[in-house]
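Every value quoted in this text rests on a predicted model; they were computed, and no experiment measured them.
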Amino acid sequence: MSTKKPQLRLGAFLPSTGHHVASWRHPEAQADGGLNFQHYKRLAQTAERGKFDMIFFADGVAVRDRNQGADVLSRNGKLVHFEPLTLLSALSVVTENIGLTATVSTTYNEPYHLARKFASLDYLSGGRAGWNLVTSATEAEALNFNQEKHMEHTLRYERAKEFVDVVTKLWDSWEDDAFLHDKESGIYFDPNKLHVPNHKGEHFSVRGPLNVARPIQGYPVIIQAGSSEDGKDLAAQTAEVIFTAQQTLAEAQAFYTDVKGRLVQYGRSPDHLKIMPGVFPVIGKTEQEAKDKFDQIQELIDPVVGLNLLGSMIGGFDLSGYPLDGPLPDLPETNGGKSRQQLLTDLARRENLTIRQLYLWIAGARGHRQILGTPEQIADQLEDWFVNGGADGFNIMPPWLPGGLDEFVDLVIPELQRRGLFRTEYEARTLRENLGLPRPVNQFSKVATREAAIA
């Protein structure tokens with residue numbers, strides 16, 4: 001029997017200049033990082049040196065601030081960045097083992113486009129692609145896609161469920177051994193191993209098949225980030241990794257138990273979903289040095305940017321007419337991100353925070369867990385959540401880049417390795433194998449049909 005400790009999983013969340021809202025103003029940040037390939041190349045290779053499971057790029061299809069004037073927008077350093085699948089395709093050439101994952105919305109995309117692009121990325125990378133499945137949350141995105149109004153929250157999730165159903169059918173268009181490439185016989189593929197999805201549903205009509213072979217991983221790893229009731233239920237049905245935001249171990253344990261407990265009704269094993277809360281680490285040789293580093297970047301926050309950030313995170317509401325040092329007003333229910341609005345409203349009421357205090361609180365971690373301390377103190381807290389049923393791993397959110405990632409790789413990773421909690425070498429080549437996830441059986445194959453009959 002193996003005595004090796006369970007291994008935690010790590011993702012590196014890499015916004016262009018860092019996760020803090022003022023990161024681009026940090027003296028050591030790469031201010032033009034959003035459109036600087038050499039910057040991203042360095043980040044990806046640093047994360048791979050640290051043996052991270054994956055790098056992760058968030059995305060949206062609009063300028064994320066609300067409808068503000070150019071003067072207001074000019075203070076935000078994160079408005080422009082590469083389209084993530086294009087960027088990950090380039091990074092696949094300069095990395096070998098690390099997973100390449102990105103957000104692509106089901107609200108303003110079509111299943112065929114998405115299935116084709118991710119299948120292509122999986123081949124380009126040798127089986128390292130991952131899709132962060134989200135539903136778009138902002139009115140600004142709707143206005144870029146022939147819509148005057150954003151789709152309702154419940155409808156977005158209904159569409160998302162059917163969307164992923166269509167995408168997986170397209171990925172399964174060809175069985176793994178369909179392509180014979182037999183020059184002598186002239187047979188390129190076995191026609192018995194081609195399956196035309198011919199999907200007709202409430203939201204989509206897609207004939208197929210996909211014009212890319214079945215991905216190397218079967219499916220790219222499917223990731224989600226929603227924590228609303230709709231989001232948790234969608235994750236239980238479809239997700240293999242979930243990024244989430246909790247502040248305490250008790251909250252993390254409750255979320256972990258809730259979501260993993262939902263998998264059984266969909267015939268899934270709890271081990272087939274990895275829960276990875278976000279963590280915003282500020283690292284110092286001493287705890288005081290870490291606090292000083294955090295204070296330094298907090299002082300760079302422009303109040304206008306801080307207020308806009310808070311407004312967007314509570315559902316796109318304009319707070320400019322309220323006193324910064326007054327309480328957060330009562331808010332109507334949002335059609336945007338419901339779980340984050342609830343988290344921030346509860347926090348403001350519980351801690352009696354002013355609007356200014358609340359935007360300062362979210363400026364770094366955006367509602368995720370924030371840890372300030374030495375490498376040993378940070379490792380202590382990660383280990384506590386991992387061994388006590390709060391997480392399978394973590395999505396690390398460096399405050400500024402590249403320095404915040406360098407420090408985590410050089411200082412915290414060795415401490416986790418010393419404790420036997422994290423790998424010293426990659427176990428395999430594909431993202432799915434490194435995460436300990438099974439390769440899905442083709443739903444149209446005879447094996448899948450036989451397994452379904454037995455079940």
Heavy-atom check, side chain of T424 versus side chain of K51, under 4.5 Å: no
Nearest heavy atoms of A213 and A119, plus distance in Å: O-CB, 4.4 Å
Ion pair check, E229 and R262, cut-off under 4.0 Å: yes
4.5 Å side-chain heavy-atom contact, V167 and F118: no
Heavy atoms of other groups near R159 CZ, more than 12 under 6.0 Å: yes
Spacing of L85 atom CG and T101 atom OG1 [to the nearest 0.5 Å]: 10.5 Å
Spatial distance of atom CG (L372) from atom CD (Q288) [nearest 0.5 Å]: 10.0 Å
Enclosure of R350 CZ (heavy-atom neighbours >12, cutoff 6.0 Å): yes
N97 (side chain) donor-acceptor with Y426 (main chain) under 3.5 angstrom: no
E48 and T95 side chains, donor-acceptor separation under 3.5 Å: no
Audit row: D176, N442, side-chain contact (heavy atoms from CB on, under 4.5 Å) steps and yes/no: CA-CA 8 Å; D176 293 318; N442 189 311; 5.5 Å; no
Sidechain N-carboxylate O distance under 4.0 Å for K161, D165: no
Whether R116 side chain and N211 backbone form a donor-acceptor pair below 3.5 Å: no
Proximity of F243 and F13 rings by center, below 6.0 Å: no
Neighbour count above 12 (heavy atom, 6.0 Å) for E96 CD: no
Short side-chain donor-acceptor distance under 3.5 Å, T430 and E433: yes
T107 side-chain N/O to S136 backbone N/O, donor-acceptor pair under 3.5 Å: yes
Heavy-atom check, side chain of F386 versus side chain of P6, under 4.5 Å: yes
Criterion side-chain contact (heavy atoms from CB on, under 4.5 Å) on I55 and L100, from CA distance to verdict: CA-CA 6 Å; I55 57 174; L100 305 171; 3.8 Å; yes
Heavy-atom side-chain proximity of M54 to R128 below 4.5 angstrom: no
Beyond-backbone contact of I413 with Q417, side-chain heavy atoms, under 4.5 angstrom: yes
Aromatic plane relationship, F179 with W174 - under 30° parallel, 30 to 60° tilted, over 60° perpendicular: tilted
Side-chain donor/acceptor of E141 to backbone N/O of V61, under 3.5 Å: yes
N109 (side chain) donor-acceptor with V104 (main chain) under 3.5 angstrom: no
Closest non-hydrogen atom pair, A31 against T17: O-CG2, 3.8 Å
Donor-acceptor side-chain pairing of D292 and Q296 below 3.5 angstrom: no
Heavy-atom side-chain proximity of E240 to L435 below 4.5 angstrom: no
Run the side-chain donor-acceptor check on residues 392-409: report pairs under 3.5 Å with partners two or more places apart or on a different chain.
residue	atom	partner	partner atom	Å
D392	OD1	Y256	OH	2.7
D392	OD2	K260	NZ	2.9
D392	OD2	I275	N	2.9
D406	OD2	R42	NH2	2.6
E407	OE1	K293	NZ	3.4
E407	OE2	K293	NZ	2.7

E148, CD: over 12 other non-hydrogen atoms inside 6.0 angstrom: no
Greater than 12 external heavy atoms within 6.0 Å of Y322's OH: no
F82 ring center within less than 6.0 Å of F57 ring center: no
A252 versus W385, closest heavy-atom pair with distance: CB-CZ3, 3.5 Å
Parallel, tilted or perpendicular: ring planes of W171 versus W131, cut at 30 and 60 degrees: perpendicular
Donor-acceptor contact below 3.5 Å, side chain S173 vs main chain L170: yes
Shortest non-hydrogen contact from P440 toward Q217: CD-O, 3.5 Å
Distance-only donor-acceptor check, side chains S125 and S92, under 3.5 Å: no
Note, L309 side chain near V21 side chain (heavy atom, < 4.5 Å): yes
Results of side chain to side chain donor-acceptor pair (under 3.5 Å) for E162 - residues two or more places apart only: H199
Flag for D59-T103: side-chain donor and acceptor within less than 3.5 Å: no
Sidechain-backbone polar pair: E139 side chain, K149 backbone, donor-acceptor under 3.5 Å: no
Over all atoms of both residues, closest heavy-atom pair of P209 and P197: CA-CD, 3.9 Å
Donor-acceptor contact present, side-chain R156 to main-chain T135, <3.5 Å: no
D122 side chain to Y219 side chain, donor-acceptor N/O pair below 3.5 angstrom: no
From CA spacing to verdict: side-chain contact (heavy atoms from CB on, under 4.5 Å), E415, I378: CA-CA 9 Å; E415 180 61 24; I378 290 170; over 6 Å; no
Side-chain (R49) to main-chain (D410) donor-acceptor, under 3.5 angstrom: no
Any donor-acceptor pair under 3.5 Å from R366 side chain to M313 backbone: no
Working for side-chain contact (heavy atoms from CB on, under 4.5 Å), residues R214 and D172: CA-CA 6 Å; R214 193 166 194 250; D172 284 338; 2.7 Å; yes
Heavy-atom side-chain proximity of I362 to L347 below 4.5 angstrom: no
Minimum heavy-atom distance H20-G364, with the two atoms named: CD2-CA, 3.6 Å
